[in-house]
A.B. asks: 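Below is one structure. I have some questions about it.
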Number of protein chains: 2
Amino acid sequence: MRWDRGEGAQVASRGGRPRIGQVAALAGVSATTVSHALNGRRPVSEATRRRVLDAIEQLGYRPNVVARGLRAGRSLTIGLVIPDITNPFYPVLARGLQDVLGPAGYDEIVTNTNGERDLERHALDKMISRQVDGIAFAVFHTHADDLRPVIDAGIPVVRLGGRQALPGVDLVHSDDEGSAAEAARYLLRGGFRRIAFVCGPAAEGPAAERVAGYRAALAEAGFAVDPELIAHTEFSRAGGAEGVGRLLELPDPPDAVMCANDMMAIGAVDAARERGLRVPGDLAVMGFDDIEAASLVTPQLTTMANPAREIGRACARLLLERISGTVTGPSTEVIIPARLVRRQSA
Amino acid sequence: MRWDRGEGAQVASRGGRPRIGQVAALAGVSATTVSHALNGRRPVSEATRRRVLDAIEQLGYRPNVVARGLRAGRSLTIGLVIPDITNPFYPVLARGLQDVLGPAGYDEIVTNTNGERDLERHALDKMISRQVDGIAFAVFHTHADDLRPVIDAGIPVVRLGGRQALPGVDLVHSDDEGSAAEAARYLLRGGFRRIAFVCGPAAEGPAAERVAGYRAALAEAGFAVDPELIAHTEFSRAGGAEGVGRLLELPDPPDAVMCANDMMAIGAVDAARERGLRVPGDLAVMGFDDIEAASLVTPQLTTMANPAREIGRACARLLLERISGTVTGPSTEVIIPARLVRRQSA
DNA sequence: ATGAAAGCGCTAACAA
DNA sequence: TTGTTAGCGCTTTCAT
């Protein structure tokens, strides 16, 4: 052995970063005391604390969170597994998570899966390897099996979006049904009576919930739902235009139309104007999600804002509770209401 | 000591996660051999390797990256410090980083600073504490001092955006001057002769570069730059409208206008149409950045796409080179060209 | 081709 | 109030 180090091995570590031992040496105390002065798990005399803090300051010491994590069995890290951070919904979600996680001392590591199952599984494995303390998992097409390893590893998981509850996995999602109902009621209050709905190719997933809310609101107001007024089309601007085009051909066309998302609503406006209709005078249009463009097109879109940030926050809160053991019961489901953003199109 | 564990302490760790010792025991080899079978740093007989792999499979073993990192002195993590992931530029940047970092085995941890200096410093401290192997740092108002601790810690840093080179810090940014010149040349080729520029309140930062490129292109084509054709205004839709409004009042108004960003360009279109001008027939409009809305407004914006993803990739490459020591010289500057996105407005 | 043992930097018993 | 010692899970000399 090479004892060319000080007594007790208090020497600069890799990258010249000081370690706790150096601080201890400089302050004339043990590493333990430095540790406790830092995380206050045991009383330290005021005089000592000051000397320790001085030494820390002087050396520019920053505790090694990796070592701490290894020892403590927690990494103060949570994993965020999403399809693609480039999809505008997810950055807001990520920010919501950080709103809550940051102050609690947690950081998040983000992985994109492109919605591919292999990559999802791989991402989950990676999160286990990285000893994350919790996982926020935003995926729709996932088999419960894929989450097995994570659950077995005892890592709390919160699923974002989707509907079916997975055993042992909490769920946070927006209130699609309620929001659609609110949107429909809003149109009803505005005096519109033939309200159509332009939804996706198949009535499944969130879109189905939205249709359900629409039906519920009409029924509740005593209106029958004319099946002709539900148009299936693609989830795109062109799809929206096409769907609304068909609705406007009807013998008794709608005076308002709700779209499953904002892109479709933008297409709906295209179609209406193409036919010389004024929006919302001749045809009111409502979107869903409140994407950035919703306020930029003309007329600006009235829409239900997807509460991404709130979802992120709720997810983070849940995660922290699971991690701390505050909550231990069976899977929870948290439903976040969307917000009506009133603009010129309805 | 409690030797209520197997011989040599091969017992399930926290959360029931198997550790290397368990794999070793099951495969009938030492932990050392498992380690080598896994990262191939030394030959392992085919038979042994198979047994190890089987054991790993059977136990669902996943190496603890935290422990590995502590031992190896590298965390396989890079830190991304940005103002706000909610700003659409950054998610794309983050994705670009991951494009390169992911395959190299790195993950990224993201922090938002809201552009506040205190939070920036705090974020950097955190990154040191977390032992990241590199940092991508996207901030404009930063003193070189703030990066001192990181540099002292021997952590490679790449700055994103900004212009002035900081000692010891590589820089990656878009070619604002070149892009603006390209945009101007494009308009020139289109036959436009009185090309105006709507820029921000003060001519500094990227906006200044863009003005410079605009001037250069005009000069190169043998046109004088009429100072009247440079309008200073706010970086917003309203600002763009206002600036173009002023330009159109001129005795000899422009036939084309370049805007410092897309929001301003959208405002420019507003102003033109308000005055009954056709775009691009009577007034061609160019934007900058290619935000999502650029393709959604009518007419769609011709614009220079901010090469965020490419910037992210270049940054990641640089970081990996610095980490591996492939590159050791002085600070590098990488300039990424923007891409002309031709649409209906010019 | 394989093992034993030391140690990355820290915290938590256990002692004093 | 403080220190000593062991060990988190892994990789890496050094030895065989």
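Convention: sequence-line order gives letters A, B, ...; per-chain numbering from 1.
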A.B. asks: Round to the nearest Å and state the distance from B/Ile56 atom CD1 to D/dC10 atom C1'.
C.D. replies: 13 Å
A.B. asks: Is atom CD of A/Glu46 surrounded by more than 12 heavy atoms (other residues, nucleotides or ligands) closer than 6.0 Å?
C.D. replies: yes
A.B. asks: I need the CG-P distance between A/Leu38 and C/dT11, as an integer number of Å.
C.D. replies: 7 Å
A.B. asks: Indicate whether OP1 or OP2 belonging to C/dA1 is found under 4.0 Å from a side-chain N or O atom of B/Thr33.
C.D. replies: no
A.B. asks: Taking atom P of C/dC8 as reference, at what distance in whole Å does atom CZ of A/Arg17 sit?
C.D. replies: 15 Å
A.B. asks: Rounded to the nearest Å, what distance is computed from the CD1 atom of residue B/Ile20 to the P atom of nucleotide C/dA4?
C.D. replies: 14 Å
A.B. asks: Nearest to the B/Ser45 side chain among C/dA1, C/dG3, D/dT2, which nucleotide is it?
C.D. replies: C/dA1
A.B. asks: How many whole angstroms separate atom CG of B/Asn39 from atom P of D/dC10?
C.D. replies: 11 Å
A.B. asks: Is it the case that B/Ser45 and B/Thr48 place a side-chain donor and acceptor less than 3.5 Å from each other?
C.D. replies: yes
A.B. asks: What distance separates A/Arg159 CZ from A/Ile135 CD1, expressed to the nearest 0.5 Å?
C.D. replies: 14.0 Å
A.B. asks: If we ignore hydrogens and angles and just use 3.5 Å, is the side chain of A/Ser331 paired with the main-chain N or O of A/Pro167 as donor and acceptor?
C.D. replies: no
A.B. asks: Measure the distance from CZ on A/Arg41 to P on C/dA13 and round it to the nearest whole Å.
C.D. replies: 10 Å
A.B. asks: Return the 5'-most residue of the pair B/Pro63, B/Arg42 with respect to DNA chain D, ranking by each residue's nearest nucleotide.
C.D. replies: B/Pro63
A.B. asks: Using the closest heavy atom to pick a nucleotide of DNA chain C for each, name whichever of B/Arg49 or B/Ala67 lands nearer the 5' end.
C.D. replies: B/Arg49
A.B. asks: Looking at D/dC10, C/dA12, D/dG3, which one has an atom nearest to any side-chain atom of A/His36?
C.D. replies: C/dA12
A.B. asks: How close or far is atom C1' of C/dC10 from atom CZ of A/Arg62, stated in whole angstroms?
C.D. replies: 17 Å
A.B. asks: Nearest of C/dA1, D/dC10, D/dT13 to any side-chain atom of B/Arg71?
C.D. replies: D/dC10
A.B. asks: Examine the base of C/dA1 for any acceptor or donor lying under 3.5 Å from a partner atom in the side chain of B/Thr48, and report the outcome as yes or no.
C.D. replies: no
A.B. asks: Any base atoms under 4.0 Å from B/Thr32, or only sugar-phosphate, or nothing? Heavy atoms, all strands.
C.D. replies: base
A.B. asks: Using whole Å, report how far CD1 of A/Ile128 lies from P of D/dC10.
C.D. replies: 13 Å
A.B. asks: For B/Val44 and for A/Arg68, find the nucleotide of DNA chain C with the closest heavy atom, then tell me which residue's nucleotide is more 5'.
C.D. replies: B/Val44
A.B. asks: In terms of side-chain heavy atoms, does B/Arg42 have a donor or acceptor partner in B/Thr32 at a distance below 3.5 Å?
C.D. replies: no
A.B. asks: Within the 4.0 Å heavy-atom criterion, would you say B/Val66 contacts the bases, only the backbone, or no part of the nucleic acid?
C.D. replies: nothing
